[in-house]
Number of protein chains: 2
Amino acid sequence: MHRDFRSKARIILIDDNYEHLMGVKELLNMEGCFDVVQTSTSVNTGVNMVKKYHPDIVLVDMNMPDKNGLQAIHEIQKLGLNTKVLALSAYDDADLIFRAMKVGARGYVLKTMASAQLICAIEEVLAGKIYLPSALSLRFFEYFQKTVKEEENNVDEELLSTLTQREEEVLDLLTQGYGYNDVSEKLFISTTTVKTHVNNIFQKLQVRDRTQAVLYAIRHGFDKKRKSNFVSI
Amino acid sequence: MHRDFRSKARIILIDDNYEHLMGVKELLNMEGCFDVVQTSTSVNTGVNMVKKYHPDIVLVDMNMPDKNGLQAIHEIQKLGLNTKVLALSAYDDADLIFRAMKVGARGYVLKTMASAQLICAIEEVLAGKIYLPSALSLRFFEYFQKTVKEEENNVDEELLSTLTQREEEVLDLLTQGYGYNDVSEKLFISTTTVKTHVNNIFQKLQVRDRTQAVLYAIRHGFDKKRKSNFVSI
DNA sequence: TCTTATCTAATCCGTTTGGTCTATAAAAGG
DNA sequence: CCTTTTATAGACCAAACGGATTAGATAAGA
């Protein structure tokens, strides 16, 4: 973000495969604009290096055993630096790509790709962009659409929309883990009134207990609707 | 996917702004390789056209009032054709981009972009790729990381990891909405045993009832862990 | 072998929850 | 003015849930 473009980009590599680590290091150092300041074959020491050296970018191998690359990315993100992270992997596993991006990777590169692509990816990420080769972005979005899908059928959404305002308030509190007595206190109404509302909710949502009602609410994005003023999809 | 590349790509446009609709139509028809077979200023008729004509790609405007573009994309996806959808929008609203991709858009183009970029986007999407301009993909991933984040703090994760296998099985069933009797039948154990397990779960997760346990489990990605054999992040 | 962890199960007791029914008051809409 | 919807709340009863304790069987580990 605030990198000095007149100087070289400072890079740290984390990869348990020493051969590959050194290969990449040499490759990058041959380019004039990169400076591999540190390398590490373990996650822990790698993260500590990042903490110390505040590099512009870190390349993290995804195919490590122990704590694995995801953990590394996660921890680097938690440092709160403006260090970018680029994930390296031997496999184009959709789940791994998904998780890597989730914990904060700004790009994902396969080791099988040409070295020119790696250079390109680093530059893109350094420039503040996201780098996902089209084949990987395809995998990512397919997985994304499968995994993050919400409020599937419209019928169900209509069920939620039949709730009155008060019933919504009650359900909202239930989804926060409150029991009937808690709700009655929060809303300044008697417990029997809460029960009445809840029973109405049960019938409208076609569930038979509190837990199912809460599950229904969450699975159908009831909690998100509070924050979002958009049309629900 | 199975498009005949010797013929023109068949396109349907859905945009409530008639001026813009016609502008795009002319633009695309000037290119030799596109054939705008239908256009619609309403979502309903647009979706019906898609149902009839099975186009290769549909361009959907995101800034429509009534049922809005998201609904259109969603319905087109539900048809189960291999019709691709490209979202068009005047604004680079992160939430809108996120939702559009979630319901199945294969790309997202701003109306303010050069027409050459629209052409490019269409071709990329037709080729089976995802098209997200880098500025938009940046917005998408920032929003993605904020929204889809899971299992934040490690402390909590440790709580979940203290559960025994059996307790996990029980909790799993609870998160599916089953009561104690249901669980006892499913696991072929007595109800009192289920209660014992559940009470242990309560203590370990530091909650006081079934609903809270289920909420805890879901909020900490417990349900996802079943499917994934990866290290949890 | 002894200890610990896990899974199993029971009893007792009190609280919470769920089902049903009735009823009043206010507000909205025709 | 009348009907419907909504919010309120009561009584009554049954079922489910939660807390605490005890305890047997097994399996794993020191």
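Below, chain A is the first sequence line, B the second, and so on; all start at residue 1. Below, all heavy atoms of this structure are taken into account, side chains as well, without hydrogens, waters or symmetry copies. Keep in mind it's a predicted model, so treat the numbers as computed, not measured.
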Rounded distance (Å) that lies between atom [atom2] of [N] and atom [atom1] of [X]:
| X | N | atom1 | atom2 | value |
| --- | --- | --- | --- | --- |
| B:Asn200 | D:dG19 | CG | P | 11 Å |
| B:Gln203 | D:dA20 | CD | C1' | 10 Å |
| B:His197 | C:dA9 | NE2 | C1' | 10 Å |
| A:Asn199 | C:dT17 | CG | P | 12 Å |
| B:Glu167 | C:dT6 | CD | P | 7 Å |
| A:Phe202 | C:dG19 | CZ | P | 6 Å |
| B:Gln212 | C:dT17 | CD | C1' | 15 Å |
| A:Lys195 | C:dT15 | NZ | P | 15 Å |

Taking 4.0 angstrom as the limit, do [X] and [Y] come out as a salt bridge?
| X | Y | value |
| --- | --- | --- |
| A:Arg166 | A:Glu169 | yes |
| B:Asp15 | B:Lys111 | yes |
| B:Asp182 | B:Arg210 | no |

Side-chain N or O of [X] less than 4.0 angstrom from OP1 or OP2 on [N]?
| X | N | answer |
| --- | --- | --- |
| A:Asn181 | C:dT16 | yes |
| B:Thr196 | C:dT8 | no |
| A:Arg210 | C:dT17 | yes |
| B:Thr193 | C:dA9 | yes |

Check every strand shown and say whether A:Thr164 touches a base, only sugar-phosphate, or nothing at a heavy-atom separation below 4.0 Å.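 Touches sugar-phosphate only.
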NA contact type, A:Ser190, heavy-atom cut-off 4.0 Å: base, sugar-phosphate, or nothing?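 Sugar-phosphate contact only.
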Could you say whether B:Gln165 or A:Asp209 is positioned toward the 5' end of DNA chain C, judged by the nucleotide with the nearest heavy atom to each? B:Gln165
For the residue pair B:Phe144 and A:Phe98, does the interplanar ring angle fall in the parallel (under 30°), tilted (30 to 60°) or perpendicular (over 60°) class? perpendicular
Determine yes or no for a side-chain-to-main-chain donor-acceptor pair under 3.5 angstrom, with B:Lys84 supplying the side chain and B:Val125 the backbone. no
Taking the side chain of B:Thr192 as heavy atoms from C-beta outward, which of C:dT11, D:dG10, D:dT8 is closest to it? C:dT11
Among the candidates C:dT8, C:dT11, C:dG19, find the nucleotide nearest to the side-chain atoms of B:Ile189.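 Of the options given, the side chain of B:Ile189 lies nearest C:dT8.
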